[in-house]
Amino acid sequence: MANNPNEIFNRVGPGTPMGNLFRRFWMPALLSAQVDEADGAPVRLRILSENLVAFRDSNGKVGVIDAFCRHRQAPLFFGRNEECGLRCVYHGWKWNVDGDCVDMPNLQPPANYEELKEKARIKSYPTCEKGGIIWVYMGPEDKQPPMPDFEWLNVPEDHVMVASWIHHSNFHLPMEGEIDTSHISFLHSAQPDSNSVVGNSLAMADDGAPEITLNETKYGYIYGSRRNADGEYYWRVTQWMLPMWSAIPGAMGDFIGNGRGWVPIDDHTTMAFCYLYRPDRPLSDEEQAFSKSGAAFPPRTEYRPVELRDGYVIDAYDTIANKSNDFLIDREMQKTKNYTGVWGISEQDRTLIESMPWADRSEPGILDTSEELLVKSDYPIIKARRILINLARDLEKGIEPAPAHAGGCGVRAISIKSPIADFEELMEKHGELGQATVKP
Ligand code: FES
Ligand SMILES: [Fe+2]
């Protein structure tokens, strides 16, 4: 059993403690939009260090199967998606969405044809399509949990938007950015007269040292961060949901909510899945345009083949602002408009996170926690790390994570100005916004 917490923390491949833990949860694999057509082009994926290919068959069902052919390991991405299966174009073998081999046309059917076809079964994982996302479950069959009950998965289609993009670091760093409330008073702050896509100009900027109260819950935890604001308090209440989801409140008093799930591609790279929704009504055109211009999603992405560190290629939305162009930092904007000189909230996060030393050392992506100096405001980060490491260690001993999305994560984040100073009291009054998720 791996004992070094940094090792446990970072490794997500098959058989690793953290990899096993993640394999107890349904995870987003790709956007429905990436496979919008029956019999359309397959999509190359890597999830938890496993190379996979997704395709939508003639009946509209999406399969996620091994990326390579069972015969001579030719890449199935170049295959023909036709008549309810993906056919390898090297010698014509074909698989359906369940991984059954349904054709071996380069041989006269031998006496043991059925047996051979059984041997040629390919790895395939159960999928589910919900909220504009294809979800995948990669764990043991008898441990398959129900789909998560996030509120945004249960609202009408026009109430929600989703996006994904590739993120160049392990999953911890961006996930921890989501639950690090004090950074928003700095990294995402802007001059009050600036376009709010370049940063926030809420009460957050006036008090950069929030008081944090955190309660563990069955889905992860909920915390309230309290800032002084004009004689009252500005509260931001945020949830962290196992194993890597956040719920982030929108602007003060508004019902718009968003958050992200960080799916490890491998130990060094991550796929971001971002949702933005309103429970009360459809998103307006302005809200959609605002989100796309940098408030929630990266403002400029390109859907293209992306080569990973070891040469394997996946199909992903990649951002135009990246490390090679210093994330298009504009020093004039930094002087006159916002704190960073970088356009877009998620780009501001990426600028720092993807440039952290452990993003490109000889052992890339491996976070060495002994090099950090964590302080009180980092408590939610410390807590999430402890929970994940403990659950991964427990699972090694045969203790299953409960409840692995069996329910209780249909929560809603809160952003509110109030004279109430105490978190429990705040929740008592406004807990309906948090949907009774307050008490552990
Ligand atoms: S390598 Fe795929 S059918 Fe031969
Ligand atoms: Fe951030």
Side-chain angles (χ1 to χ4, degrees), residues 42 51 53 55 65-82 85-96 99-107 116-117 119-123 165 167 169 171-190 196-202 204-205 208 210 225 236 238 240 245-251 258-262 270 272 274 276 291 294-299 319 321 327 338-356 377-378 380-381 384 413 415:
N51 297 330
V53 67
F55 66 103
I65 65 174
D66 198 325
F68 297 105
C69 175
R70 183 78 177 83
H71 178 216
R72 298 275 325 283
Q73 295 288 303
L76 292 175
F77 166 73
F78 295 104
R80 298 173 65 90
N81 183 9
E82 58 190 15
L86 188 57
R87 191 183 287 284
C88 176
V89 287
Y90 210 173
H91 313 92
W93 293 20
K94 180 178 171 184
W95 288 270
N96 66 16
D100 303 318
C101 180
V102 292
D103 201 10
M104 296 170 133
N106 71 330
L107 73 168
L116 194 60
K117 280 210 282 195
K119 263 198 190 153
R121 267 186 64 81
I122 210 166
K123 173 161 75 182
W165 62 91
H167 180 95
S169 83
F171 78 95
H172 290 283
L173 301 175
M175 180 194 82
E176 290 166 358
E178 305 281 299
I179 48 182
D180 165 16
T181 187
S182 76
H183 87 277
I184 50 182
S185 300
F186 304 95
L187 183 69
H188 302 311
S189 65
S196 50
V197 170
V198 301
N200 301 298
S201 51
L202 298 174
M204 293 185 270
S225 72
R236 289 177 66 78
T238 295
W240 173 71
W245 287 98
S246 63
I248 309 291
N258 75 97
R260 296 175 185 90
W262 302 93
T270 302
C274 182
L276 181 124
S291 308
F297 305 153
T319 51
F327 298 86
N338 70 2
Y339 208 69
T340 54
V342 172
W343 181 278
I345 304 294
S346 78
E347 305 302 71
Q348 293 161 3
D349 289 310
R350 288 181 46 246
T351 300
L352 300 191
I353 293 168
E354 292 191 7
S355 310
M356 282 177 172
S377 59
D378 299 312
I381 293 175
S415 163

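When a ligand or atom number is given, it counts from 1 through the structure's own listing order. When a residue number appears, it is its place in the shown sequence, counting from 1. Note that this is a predicted model, so its numbers are computed, not measured.
- Counted by atom type alone, R350 and T319 present one or more donor-acceptor pairs between their side chains at under 3.5 Å.
- Under the 30°/60° scheme for interplanar angles, the aromatic rings of W262 and H167 are found to stand perpendicular.
- With 3.5 Å as the limit, one finds no donor-acceptor pair spanning the side chains of N338 and W343.
- If you look at atom 2 (Fe) of ligand 1, the protein N, O or S atoms less than 2.8 Å from it are C69 SG, C88 SG.
- When all heavy atoms are compared, the tightest approach of G208 to F186 is O-CE1, 3.7 Å.
- With contacts defined as side-chain heavy-atom distances shorter than 4.5 Å, the pair Y339/Q348 does not qualify.
- Residues D66 and V53 approach most closely at O-CG1, 3.5 Å, considering heavy atoms.
- What you find for I122 and R70 is that their closest heavy atoms are CD1-N, 4.3 Å.
- Around the Fe ion (ligand 2), the protein N, O or S atoms found under 2.8 Å comprise H183 NE2, H188 NE2, D349 OD1, D349 OD2.
- Smallest separation of non-hydrogen atoms from V342 and F327: CG1-O, 4.0 Å.
- Contact detail for P249 and T238: the closest heavy-atom pair is CD-OG1, 3.7 Å.
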